[in-house]
Structures are given as structure tokens and as C-alpha cells.
Amino acid sequence: MVNGNTVDQLCLSLLKRCKTLKSIKQLHTHLFKSGLDSDTFIAGNLILHCATLISDALHHAHSFLLHFSNPDAFMYNTLIRGFSDSDHPHNSVTTFIHMRRNSNHLQPDSFSFAFVLKAAANLRSFNTGIQLHSQSITHGLDTHLYVATTLVSLYAECEQIDHARKVFDEMSEPNIVTWNAMITAYLRCSDVKGAETLYKRMPVKDLISTNIMIAGYMKAGELRLATNLFFHEMPVKDDVSWSTMIVGFAHNGCFNEALDLFVESRRVGLEPNEVSLTGILSVCAQAGALEFGKVVHGYIEKSGFGSIHTVNNALLDTYAKCGNINMARLVFERMPGRKTIVSWTTMVAGLAMQGYGEEALELFHRMEESGIKPDEITFISVLYACSHAGLVEHGYRYFSMMKDHYGIDPTFEHYGCMVDLYSRAGELEKARDFITQMPVKPNAVIWRTLLGACSIHGNVDLAEFVLEKLAELDPNDSGDHVLLSNIYAVAGKWKNVATVRKSMTSQRLTKSPGWSMVEVDKVMYSFVAGDEQNEVISEAYTSLKKIMLRLKVEGGYVPEVVGSVLHDIEDEEKESAVVTHSEKLALAFAMSRLCDGKVVRIVKNLRVCKDCHTVMKLVSKIFRVEIVLRDRSRFHSFSDGSCSCRDYW
DNA sequence: ACTATTAACT
């Protein structure tokens with residue numbers, strides 16, 4: 001006869017062998033038949049296994065606990081912990097409440113509070129946090145090391161720095177993790193000075209503390225300080241230090257610095273891991289650095305990281321964002337194992353960006369057929385696909401399907417896509433009616449979408465109406481005023497143009513500069529309209545002069561000034577620079593550097609203007625060159641005088 | 001319990 005302990009050990013080893021929900025259910029059936037599943041030790045370990053080791057077994061653990069006659073604190077805590085980092089942290093809170101209601105003899109302990117507070121932090125619910133905090137005081141656990149540390153993080157997430165600091169100050173012996181949490185709290189609340197003061201006062205620092213400071217300084221745009229004060233001064237750097245710097249540079253638009261640092265990290269012998277690889281691929285995707293991305297792809301193939309989902313998704317996104325849709329399709333189709341919702345959504349969005357609306361929708365249906373439920377982001381991509389392919393009816397149908405069939409409440413992003421859908425198709429009244437009938441108060445982005453459409457379709461009255469709305473919501477956006485001014489210019493209302501410009505000057509509104517980038521020999525060259533002279537810019541201008549001359553002689557090109565005058569520039573002196581929008585400079589530079597047969601790939605931060613669009617078409621024909629331009633809104637592929645957007649953008 | 005990573009609307 002076997003004793004209890006041996007049975008426990010046997011069950012544990014059987015549990016360990018279960019890697020899927022199916023296998024754990026089978027084991028559970030056996031345990032149930034032998035009555036062993038009512039043993040709290042075995043039941044507790046079953047829940048632990050489901051909650052922490054098997055990704056989709058949480059709900060199984062949940063229903064098991066609900067039917068269990070006398071769950072102990074360990075079982076509750078384990079489930080609360082499992083839910084806290086899941087997609088539904090709210091279930092953590094309900095489980096905590098359930099524990100308090102149904103089991104009078106059970107008292108929540110420090111584990112219960114630490115885990116449920118983590119859930120409240122993930123929910124960013126200040127209200128829930130306050131209530132849980134007060135309960136922890138009742139139980140005398142509010143100054144417990146783990147509970148208090150999580151409280152600091154919770155208040156940080158809710159951007160309540162004073163609450164966080166109060167918890168921190170009331171602790172008798174905060175450890176290094178608590179200090180780190182408190183520094184993170186200051187940085188999350190954008191108080192770099194506060195973080196620095198605390199960092200200096202830390203009794204002991206470890207690597208992580210400095211990594212936190214690097215992340216915070218990079219996010220705050222303090223690139224110099226992050227580099228010199230922390231990164232260069234660190235006696236030991238780990239992979240997190242490097243990755244933080246690399247993505248930090250990218251966040252600030254310093255793509256070459258990011259790419260260089262990745263090269264440097266390889267040079268000093270650091271082996272990339274899945275996080276640093278997704279990080280550098282994200283840099284390539286943002287920058288449109290296709291050639292660099294291909295080098296990273298080569299490394300991924302060699303090193304075996306190609307079997308990791310996140311790496312593959314990032315690779316897919318890189319090819320899509322760099323305009324190489326065929327490679328994106330290849331990565332997608334050859335993805336090992338099951339494609340995740342991220343893979344499908346990324347591919348739908350990638351196709352949509354190129355204007356392949358129908359193919360994007362087909363893919364969406366393939367996704368549904370494969371049994372993956374679309375989420376709110378998938379629908380943004382689907383609606384985006386409809387709007388960029390002019391599929392108005394389809395768009396409306398998917399919008400309804402999302403609400404009625406999938407029960408997803410539309411967010412501002414979805415409403416924005418719908419407004420964009422009607423706007424691009426020229427149905428401005430429908431767009432306006434859609435906005436006024438929204439069940440929530442439209443935000444500035446929604447109105448701005450309509451304003452953009454007014455500009456394209458030259459609707460002065462509606463534009464004035466929209467600007468009144470925008471004046472209430474976000475009066476200081478210079479882009480809106482520029483747009484209105486453009487609309488007046490096209491309509492020939494020069495007096496109004498002057499009025500808008502004058503009011504912009506008096507309000508000191510300056511336009512965010514337009515820039516374009518182009519990759520030559522794995523280096524990104526960026527161009528800003530009206531930028532200072534240097535060798536690269538002179539080269540670009542010289543090349544551009546020759547190009548424009550041929551366009552005028554051979555293509556009958558006439559510069560289109562009206563409507564573009566205020567697109568990239570802010571003052572009178574620069575008005576002459578209208579023919580040198582940054583994308584033209586980037587194109588000219590690339591034409592002078594790239595060998596024949598190569599594709600010119602340009603990335604621009606704003607929408608391309610009509611004149612530049614015309615120039616690109618002509619250049620593609622006269623110089624027999626293929627140009628791929630990614631602007632703020634989509635891809636334009638120019639070839640033999642026409643564009644893939646069919647002039648619909 | 002604290003740090004780094006992938007998908008979308010202007």
C-alpha cells in the first residue's frame with residue numbers, strides 16, 4: 001500500500017508531464033475518478049500548473065476552483081496570481097472578492113494582496129487600488145515588503161506619484177526592488193528629476209536600477225544624459241542595457257544611432273536574443289531599413305531564432321513596413337507552428353498599407369476559418385484595408401459585424417477608420433453625419449480626419465465647421481491651421497489664407513517639420529525641408545536640378561504650387577523651397593547614389609503632397625526606376641508613370 | 001514585487 005506522500009509525488013510528476021490543456025484535462029479526469037482531486041495539496045498544484053505553465057488553461061483552473069468544496073488560501077492565491085498577468089486581470093479581483101465572501105474562515109494573506117494589487121496595477125484602476133489598499137491596512141499588511149512594493153507600482157501605473165511616495169516613506173525597510181519600483185514610479189509620472197534624486201540616494205544600486213534610469217531618460221528624450229551619465233558609466237552592461245538604448249534611440253527618431261549601437265553590441269561579443277532581435281527589427285520597420293533588416297533576417301535563420309513567434313511577427317512587420325510585401329507573404333506562409341492573432345493582424349495591416357484591400361479581407365476570412373477570433377486591433381486593420389481600397393460598403397459591414405457578431409465595442413480608432421472610409425470616398429456628408437451620431441463625444445483626431453478630407457475635396461464650408469470643433473478640443477495644433485489655409489488657397493480665398501497665417505504667427509504656432517529618409521548602403525539618410533547645407537544636401541540639390549530639368553523638357557512637368565504652399569514650411573523665406581519637399585531631396589539623393597535596377601525606397605513622416613506625387617510618377621517613367629514611398633498613411637509604388645494608390649490616398 | 005520586444009486610426 002502506498003502512503004499519501006508517495007501519491008502526492010506521483011501526481012506531481014504526472015502534472016509536470018502535462019504540456020497542453022488537453023493532457024491536463026485527461027489527467028484531471030483520472031484524478032477525479034480516483035477522488036484524488038479533492039485533496040487540497042493535489043488540487044492546489046493542479047491550479048498552479050494551469051495558472052502558470054499552460055497558456056490557455058486558466059479558465060479550467062477557474063471553473064475547478066468554483067466547484068471545489070473547501071478551497072484553501074493557496075488555491076485562491078494561485079488563481080489570483082494567474083489572472084493578474086493574463087488578458088483579464090479583472091478576474092483576479094473577482095476571485096479575491098469570491099475568496100472573501102465564500103470562505104469566512106479564510107483570511108487574505110500577503111500573497112493574496114500582492115497578486116491582486118498587481119492585477120489592479122495592470123488594470124490601471126486607481127479606485128480598485130484604493131479599496132484594496134484600505135483592506136490591506138485592516139489586515140495589517142500594508143507595510144509588508146511585497147505588498148507595499150506592489151502598492152508603489154500600482155500607484156505609479158495610476159500616475160498617483162504622491163500616493164506611491166507615501167507608501168514608500170511609511171515602509172520601515174524598503175529593499176532594492178522597492179527603491180527600483182519607486183524610481184520607476186517617478187519616471188512613469190514624467191518626473192525625471194525626482195527619479196534622479198532618489199537614484200542618487202539609493203544605498204545599493206544594481207544593474208537593474210541603472211537600466212531603469214536609461215529607459216526613463218531615453219523616454220524623456222534625454223539621449224545625451226542617458227548615454228553619458230549611465231550607459232557609458234556602467235561597469236557592466238547586460239542585454240537589457242543595450243536593447244533599452246537601441247529602442248530608445250528609435251523612439252526619438254535616431255535610427256542610425258540605433259542601428260550603429262546594434263552593430264556595436266555584436267562587435268563587443270554580445271549575442272542577440274529574442275527580445276533584442278524583435279527590438280532591432282522594430283527599428284528597421286520604423287526606419288524602413290530593408291537592407292539592414294535582411295542582414296538581421298540572415299542572422300535569425302542561422303541562429304535558430306526563426307522558430308520563435310515574436311521574432312517571426314517582428315520580421316513579418318519589418319518586411320511589410322519596408323514595402324517588401326512578397327517577403328512578408330513568404331515569412332507569413334512559412335511561419336512555423338500556429339500563427340498567432342498578431343501574425344494574422346500584422347499581415348492584414350501589411351497588405352492594407354499597400355492597397356491590397358481584397359487580399360487583406362481574404363486573409364481576414366482565412367483567419368476566421370482557422371478558428372482565431374479577431375480582436376479590436378484586427379478590426380482596425382480590416383477597416384483600414386477597406387478605407388484604403390475604397391471598399392465603403394464592405395467597411396460598413398465589417399464595422400457592424402465587429403459589434404454584433406463579435407461583441408467588440410468600437411473605440412475612437414474604429415470610429416476614426418469609418419470617418420476615413422467615407423472621407424476618402426468623397427462622401428463628406430456621410431462622414432459628418434457618422435461623427436455627429438457617434439455614441440461618444442468625438443475627439444480631435446476624428447474631426448481632423450474629416451478636415452483632411454475637406455482639404456482633398458476642397459470643401460470650404462465644412463472645413464470651417466470642423467475647425468470650430470477643433471478649436472474647442474485642441475486649438476494649438478498647427479497642422480489644422482495649415483490644412484485650413486491650404487483649403488482657402490485652393491479656393492482662391494487669399495484674404496482668408498492671410499488671416500489664418502497671421503493668427504498662426506501671433507499664436508506662435510509652428511509646424512512640425514516634414515522629413516524623409518532613404519537607405520543607401522545600410523545607412524539611413526534623412527532630409528528635412530529647409531535644412532542647413534551640408535555635403536549630402538548639396539549632392540541631393542545638384543541631382544534634383546538635373547532631374548527637374550528632364551521632367552520639364554521630357555515630361556511637360558509644371559510645378560503645382562497652390563495647395564502645397566504651406567505643406568512643409570512655416571515662413572515666407574522658405575516659400576521658395578516649395579519645390580524641395582524632403583521626399584524630393586531623398587529621391588534625388590538616392591538616384592545619384594543607387595546603381596541601376598535598384599528600387600528607391602523612401603519613408604516620409606507626413607502625407608505626400610500632390611506635387612511630389614506627380615513628380616514621383618514622372619521620374620518612374622522617364623528614368624525607368626521603381627520608387628516605393630511609405631508616407632504617413634500608406635505605401636505608394638511608382639512604376640512606369642503610375643502609382644499603386646491609383647491616385648486614391 | 002522592479003528594467004528591454006512585435007499588430008492599428010490623424
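Residue numbering restarts at 1 for every chain, and letters A, B, ... go by the order of the sequence lines.
- The six-membered or imidazole ring of A:Tyr319 lies away from that of A:Phe332, with a centre-to-centre distance of 6.0 Å or more.
- Minimum atom distance to the side chain of A:Thr150 is reached by B:dA1, of the listed B:dT6, B:dC2, B:dA1.
- Across all strands, A:Val342 comes closer than 4.0 Å to base atoms (heavy-atom distances).
- Using a 4.0 Å cut-off between a side-chain N of Lys or Arg and a carboxylate O of Asp or Glu, A:Lys200 and A:Glu196 qualify as a salt bridge.
- Base contact: A:Thr278 has a heavy atom under 4.0 Å from a base atom.
- The side chain of A:Ile208 lies closest to B:dT3 when the candidates are B:dT3, B:dA4, B:dC9.
- Taking atom CH2 of residue A:Trp344 and atom P of nucleotide B:dT6, one finds them 23 Å apart after rounding to whole Å.
- The OH atom of A:Tyr155 sits 16 Å away from the C1' atom of B:dA1 (whole-angstrom rounding).
- Closest to the side chain of A:Arg424, out of B:dC2, B:dT6, B:dT10, is B:dT10.
- Summarising the geometry, the separation between NZ on A:Lys339 and P on B:dT6 is reported as 22 Å, rounded to the nearest angstrom.
- Closest to the side chain of A:Val445, out of B:dT10, B:dA8, B:dA7, is B:dT10.
- Ionic pairing of A:Lys403 and A:Asp409 is not present here: no N-O contact between side-chain nitrogen and carboxylate oxygen is shorter than 4.0 angstrom.
- Side-chain atoms of A:Asn175 and base atoms of B:dA1 include a donor and an acceptor less than 3.5 Å apart.
- You'll find that the side chain of A:Arg448 is closest to B:dT10, out of B:dT3, B:dA7, B:dT10.
- Separating the CE atom of A:Met218 from the P atom of B:dT3 is a distance of 18 Å, rounded to the nearest angstrom.
- Taking the side chain of A:Val177 as heavy atoms from C-beta on, and the options B:dT6, B:dC2, B:dA8, the nearest nucleotide is B:dC2.
- Environment of CD in A:Glu333: crowded, with over 12 heavy atoms of neighbouring residues, nucleotides or ligands closer than 6.0 Å.
- Contacts of A:Ala349 with the nucleic acid, taken as non-hydrogen atoms under 4.0 Å apart, involve only primed sugar atoms and P, OP1 or OP2.
- The side chain of A:Arg634 places no N or O atom within less than 4.0 Å of a non-bridging phosphate oxygen (OP1 or OP2) of B:dT10.
- One interatomic measurement links the two molecules: CD1 of A:Ile183 to C1' of B:dT3, which rounds to 11 Å at whole-angstrom precision.
- Nearest nucleotide to the side chain of A:Lys219, out of B:dC2, B:dA4, B:dA8: B:dA4.
- At whole-Å resolution of the value, CG in A:Asp480 and P in B:dT10 are 14 Å apart.
- Checked against B:dA1, B:dT10, B:dT3, the side chain of A:Thr184 finds its nearest nucleotide in B:dT3.
- Counting only heavy atoms from C-beta on, A:Arg188 has its side chain closest to B:dT3 among B:dT3, B:dC9, B:dA7.
- Counting heavy atoms of neighbouring residues, nucleotides and ligands inside a 6.0 Å radius, atom NZ of A:Lys166 does not exceed 12 of them.
- In terms of polar N and O atoms assigned as donor or acceptor, the side chain of A:Thr310 never comes within less than 3.5 Å of the base of B:dT6 in a complementary pairing.
- Rounded to a whole Å, the CD1 atom of A:Ile377 is 11 Å from the P atom of B:dC9.
- Taking the centre of each ring, A:Tyr396 and A:Phe434 stay at or above the 6.0 Å mark.
- In this entry the distance linking CZ of A:Arg632 with C1' of B:dC9 reads 10 Å, nearest Å.
- Considering only the side chain of A:Arg607, B:dT10 comes nearest among B:dT10, B:dC2, B:dA7.
- OP1 or OP2 of B:dC9 lies within a sub-4.0 Å distance of a side-chain N or O belonging to A:Tyr384.
- Taking 4.0 angstrom as the limit, A:Lys321 places a side-chain polar atom (N or O) nearer than this to OP1 or OP2 of B:dA7.
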